[in-house]
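As structure tokens, the structure follows; a few thoughts come after it.
What you see is a predicted model, and the numbers here were worked out from it, not measured in a lab. Heads up: numbering here begins at 1 and tracks the sequence.
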Amino acid sequence: MITKKSLQNLNGLLMLSAIAKYQSKRKVAEVTNSSIDTVNKYISNLEQVLGVQLVVNSAKGTYLTRRAASIVEQVENLQTLLDKIYSPLDYDSRYKGSVCVCLPLMVSTALFPCGVTSLCEAYPDIRVISLTTLGSPNYREMGIDFGIVTKLPESVKDFSLLYKKNIECRFFAVADYLDKYGMPKNLNDLLENHRIVDGLQNENYVPGWKKLMLRAKNISFSSNSTFAVVEAIRHGAGIGLMPRLFQGAGLVCLDQLDGGLQMPVYLIVNNCTKDIPRVKIVTEYYKAALDRI
């Protein structure tokens, strides 16, 4: 029968395994979203139960004793057991099931489902569930396997940073608008003499956008929907901002209007599911999509 003491010892063994990996109690505390005191408590309790010293602290880090190293080898069997529970061992079933990703609306519209076609062809039994948000969601409650965010949260329990990138942004228009009103000579000309389509989400996604909009003389259309912003640009309402490599049919990228605007993006992964084969595959596809822009 599993007792409270047994559960405590299991936590201690997992902490010990993490120390073997990171050789730092501080890093283990960060990864497990706990305090160094908590890490020390679990290790101390485990040492008392086993009657042996398990870790050695030094100025260079925290290391395992020989006895602890042999114990950690057995803990790896526990991780294997968890993997078996998460997904069956046969190859096909490891790549079956759902993977849930959460990303902001602007990222969703501009970047994805880039690469998803090849993913569906290569892994037809994986179902990608893409959830788009305007604000900061509760990733744990939504059951997210990984997410793409434009602001790195100070603390998201059970999630860690896998990848980050600054995406260059440029202004876009349609040829009909440019034929009618001319090509902006520079950024000042754009703000003084042209109609602007304002993506309201840019205030949160793109540092410096809000200051530019305060200088704009003619904001013709504003929306917090990236879909609406794209359609407004497409129908000639004005000039709007999108990621530089946005593949919008019929839109002209105004590369000469380089305002140095960038959208930082961060790919965060759920520590509890990131190593499940199907989750790992989908995460890598999305990371590759970010790499291409």
Set of residues satisfying side chain to side chain donor-acceptor pair (under 3.5 Å) with respect to T283, sequence neighbours excluded
none

Donor-acceptor check, side chain of S70 to backbone of R67, threshold 3.5 angstrom: yes or no?
yes

Side-chain touch K25/N57, heavy atoms, less than 4.5 angstrom:
yes

Would you call R278 and K96 a side-chain contact if the rule is heavy atoms closer than 4.5 Å?
no

Tell me, do V55 and L16 make a side-chain contact under 4.5 Å, heavy atoms counted?
yes

Answer yes if L214 and L200 sit in the same cluster of Ile, Leu, Val, Met, Phe, Trp and Tyr residues linked by side chain heavy atoms under 4.5 Å apart, and no otherwise.
no

Starting from the C-alpha separation in whole Å, work towards a yes-or-no answer on side-chain contact (heavy atoms from CB on, under 4.5 Å) for L254 and L178.
CA-CA 10 Å; L254 310 183; L178 298 175; 3.9 Å; yes

Closest approach of P264 to P207 (non-hydrogen atoms, all atoms of both residues)
CD-CD, 3.9 Å

Does E284 pair with K287 as a salt bridge, N-O distance under 4.0 Å?
no

Would you call the rings of Y123 and Y285 parallel, tilted or perpendicular if under 30° counts as parallel and over 60° as perpendicular?
perpendicular

With clusters defined by side-chain heavy atoms of hydrophobic residues (ILVMFWY) lying less than 4.5 Å apart, directly or transitively, does M263 cluster with L162?
yes

So with a 6.0 Å cut-off around NZ of K280, is the heavy-atom count from everything else above 12?
no

Rounding to 0.5 Å, atoms CZ (R170) and CG (L251) come to a distance of 15.5 Å

Spacing of K21 atom NZ and I19 atom CD1 [to the nearest 0.5 Å]
13.5 Å

Would you say the side-chain atoms of R195 and Y181 include a donor-acceptor pair closer than 3.5 Å?
yes

Closest approach of A216 to I196 (non-hydrogen atoms, all atoms of both residues):
CB-CG1, 4.2 Å

Locate the shortest heavy-atom distance separating C253 from F172; write the atom from each residue and the value.
CB-CE2, 3.6 Å

Taking the side chain as C-beta and beyond, is there a heavy-atom pair between L119 and I281 under 4.5 Å?
yes

Between R26 and V39, is any pair of side-chain heavy atoms under 4.5 Å apart?
no

Ignoring hydrogens and geometry, is there a side-chain-to-backbone donor-acceptor pair from K165 to L290 under 3.5 Å?
yes

Any side-chain heavy-atom pair from F221 and I233 closer than 4.5 angstrom?
no

Distance in Å, L257 CG paired with L190 CG, rounded so as to fall on 0.5 Å steps
5.5 Å

Hydrophobic cluster membership, with links at side-chain heavy-atom distances under 4.5 Å among I/L/V/M/F/W/Y: are I36 and V28 in one?
no

Heavy atoms only: give me the nearest A20-L64 pair and the separation to one decimal.
CB-CD1, 3.4 Å

Compare every heavy atom of I43 with every heavy atom of G12, then report the nearest pair and how far apart it is.
O-CD1, 4.0 Å

Can you tell if the side chain of M242 reaches within under 4.5 Å of the side chain of T226, non-hydrogen atoms only?
yes

K27 atom NZ: more than 12 heavy-atom contacts under 6.0 Å:
no

I144 backbone acceptor or donor facing N270 side chain under 3.5 Å
yes

Please report the C-alpha distance between I71 and L54 in whole Å, then the side-chain angles of each, then the deciding distance to 0.1 Å, and finally whether the side-chain contact (heavy atoms from CB on, under 4.5 Å) criterion is met.
CA-CA 9 Å; I71 292 174; L54 297 175; 3.9 Å; yes

Report yes or no: does Q201 contribute a side-chain atom to a donor-acceptor pair with the main-chain N or O of N224 at less than 3.5 Å?
yes

Distance check, rounded to the nearest 0.5 Å: I129 atom CD1 versus C102 atom SG?
12.0 Å

Between the side chain of D145 and the main-chain N/O of C100, is any donor-acceptor distance below 3.5 Å?
yes

Give, for atom CG of N45 and atom CG of N40, the distance between the pair rounded to the nearest 0.5 Å.
10.5 Å

Please find the pair of heavy atoms, one from Y286 and one from I148, that lie closest to each other, and give the distance.
CD2-CD1, 4.2 Å

Apply side-chain contact (heavy atoms from CB on, under 4.5 Å) to Y22 and E30, showing your working.
CA-CA 11 Å; Y22 298 106; E30 291 177 0; over 6 Å; no

Side chain to side chain, L187 and L212, heavy atoms closer than 4.5 Å:
yes

CA sep, side-chain torsions, deciding dist, call: V265, Y205, side-chain contact (heavy atoms from CB on, under 4.5 Å):
CA-CA 9 Å; V265 293; Y205 295 163; over 6 Å; no

Treating Ile, Leu, Val, Met, Phe, Trp and Tyr as nodes and any side-chain heavy-atom pair under 4.5 angstrom as an edge, say whether L50 and V56 lie in one connected cluster.
no

Once rounded to the nearest 0.5 Å, what's the spacing between atom OH of Y177 and atom CE of M183?
11.0 Å

